Amino acid sequence: MRSEAFQKCIDPSCGLEYPVTDIRIECDRGHLLDIKYTSKPSSSLKETFYKRRNHSNNIFNESGVWRFRELLNFCQIDTENIDECSKYLVSLDGAEGRLSKPYHMSKVSDYVGVQNMWLQPEGYNPSGSFKDNGMATAVTHAKLVNIKKIICASTGNTSASAAMYAANENMECDVYIPAGEVAPGKLSQAFQFGSQVIEIKGNFDDALSASLKRAGEADGYTVNSVNPFRIEGQKTIVFRALESRDWDAPDWIVYPGGALGNTSSCGKSLMELYEWGWIKKIPRIAVVNSEGANTLHTLYNGKFEESKLRWNKGKPDTDLIKRYYEFMDANGIRPKTKATAIQIAKPANILKGIRALEFTDGVVTQVSDSEMLDGMALVGLNGFDCEMASGAVPAGIKKLIHEGIIKKDDTVIGILTGRQKDSSIPVDYHKNSQNKFANPPRS
Ligand code: F0G
């Protein structure tokens, strides 16, 4: 009999399957994997999830990730049995996802021109970014398969989150980072949490290649978003957003785009919820690239060879992606943005990303560094904190409204992916009175 959870290749013409206990980030033919469940969760669980918010000191009810554990039960445990939960599930004392839900930020709404808009500050996670949602689940899987050391590449937030959970679980952690391209607050977390930092000359894409190579040679356990168990935890970002609306789907969900793990997990959660009949409408995903790291925007919108990259029901033109990567390499095109979190040229989850965009009739746009800084500053004026890459969300919504793609009476949820970990960015912004929302000091 097949188990209730298993891994499955995302390519419909391949479809290879593996048990959850296999440690792999791709199938034997090199395609990414999904976690699949054979059971269909009853929508009466909505009430259970809601009740768990009154958590009675049960950290797995307190956690904004594990509160939804029936929808990501890859450990196949009795989810009501606290001893089983404690034995298997990794949590930073219930802190992940606890504070993140959509908030109305009136000044951002007024500026971008849509009132039915809520922003969800995933930076209010224990390590300061959305990564904790997926890291709690990836490290749970690592623990399930008896891993003692995890490994990742990072623009800073992944490494902070991985190092934090590793420290808490007594695991070792190696983090590969692009030297000189990581915000000081993120780098300091990797050091503080006791991980081994390995500096790579080059950018994030180079660091990811180096860490995947190392993991391949040494049977390492990778916790980047190519790990399908990461994607499972990140689905809860969408669950929390929907739960706050009594599971009434918004018109749009908006993310900054980097390696496209978030886009992938948003798509997977919506596919599952729709299939189970938990939502009647499919929200459209909008991904916002930085102009300086805009591979998805370029390929999705046909800016290279005029061909638009699409999932195409499981038959994407992967040669187009290859040709574009070769073109970038041949012409020395390197990603360059002050928003280093999303300074990524080769999004590792691009195929899952375009699958999500196809399922949701999604769109991709791009914004400049100064637009992201304005977005970040505006979030601050509502008393919330986010980093520059997250500023891409209000900036992108504004642009899409201007272009008539998002309508003024649409309902929009934007995900603010991380907290500010480079204080020099807002300080420099506010000291320069030329900036739109500058708050310069007086002498
Ligand atoms: N926003 C922030 C704050 C991030 O740290 C990242 C990615 C993204 C957005 C992009 O998300 O990859 O799911 O599209 N940071 C990774 C890291 C790459 O290493 O911390 P994505």
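This structure is a prediction, so every number in the text was calculated from the model and none was measured. Indexing begins at 1, ligand by ligand and atom by atom, following the structure's order. For the numbers below, each heavy atom of this structure counts, side chains included, while hydrogens, waters and symmetry mates do not.
Salt-bridge check for D329 with K346: passed, with a basic side-chain N closer than 4.0 Å to an acidic carboxylate O.
Neither the backbone nor the side chain of K186 has any atom closer than 4.0 Å to an atom of ligand 1 (non-hydrogen atoms only).
Less than 4.0 angstrom separates some heavy atom of A259 from each of these atoms of ligand 1: 12 (O), 14 (O), 21 (P). Below 4.0 Å from some heavy atom of S154 lie the following atoms of ligand 1, by number and element: 17 (C), 19 (O), 20 (O). Those atoms of ligand 1 with a heavy atom of E387 less than 4.0 angstrom away are 3 (C).
With D34 as reference, R355 is the one residue of R355, K268, K8 to meet the salt bridge (charged side-chain N to carboxylate O under 4.0 Å, His left out) rule. Each of L320, D319, T318 was scored for a side-chain contact (heavy atoms from CB on, under 4.5 Å) with P316, with one residue passing: T318.
A donor-acceptor contact shorter than 3.5 Å is absent between the side chain of S63 and the backbone of I59. The backbone N or O of G134 lies less than 3.5 Å from a partner atom in the side chain of T137, making a donor-acceptor pair. Between the side chain of R69 and the main chain of W66, a donor-acceptor pair closer than 3.5 Å is present.
Checked against a 3.5 angstrom limit, the closest N/O atoms of K131 and ligand 1 fall inside it. The N/O atoms of F130, backbone and side chain alike, include none that comes under 3.5 Å of an N/O atom in ligand 1. The distance criterion of under 3.5 Å between nitrogen or oxygen atoms is met by T155 with respect to ligand 1. Between A389 and ligand 1, a contact under 3.5 Å exists for no N or O pair. Between S390 and ligand 1, not a single N/O pair is under 3.5 Å apart. Considering backbone and side-chain atoms together, N157 places an N or O closer than 3.5 Å to an N or O of ligand 1. Note: no N/O pair closer than 3.5 Å links F204 and ligand 1 by distance alone. Ligand 1 has no nitrogen or oxygen under 3.5 angstrom from a nitrogen or oxygen of G418.
Dense packing is recorded around NZ of K46, with more than 12 heavy atoms of other residues, nucleotides or ligands lying under 6.0 Å away. In this structure, Q192 places its CD atom where only 12 or fewer heavy-atom neighbours from other residues, nucleotides or ligands lie under 6.0 Å away.
At the shortest separation from atom 13 (O) of ligand 1 among protein heavy atoms lies N262 N, 2.9 Å.
For the residue pair N125 and A95, the shortest heavy atom distance occurs at OD1-O, 4.3 Å.
For an aromatic pair to be called close, the ring centres must be under 6.0 Å apart, and F304 with F327 satisfies this. When ring centroids are compared, F437 and Y111 come within the 6.0 Å threshold.
Using 4.0 Å as the threshold, Q234 has no heavy atom nearer than that to any atom of ligand 1. Look at Y255 and you'll find every heavy atom at least 4.0 Å from all atoms of ligand 1. Under a 4.0 angstrom heavy-atom cut-off, I344 registers as being in contact with ligand 1.
The closest heavy-atom contact to atom 8 (C) of ligand 1, among the options I342, V393, T417, comes from I342. Of the listed options T158, L296, N349, L208, T158 places a heavy atom closest to atom 17 (C) of ligand 1.
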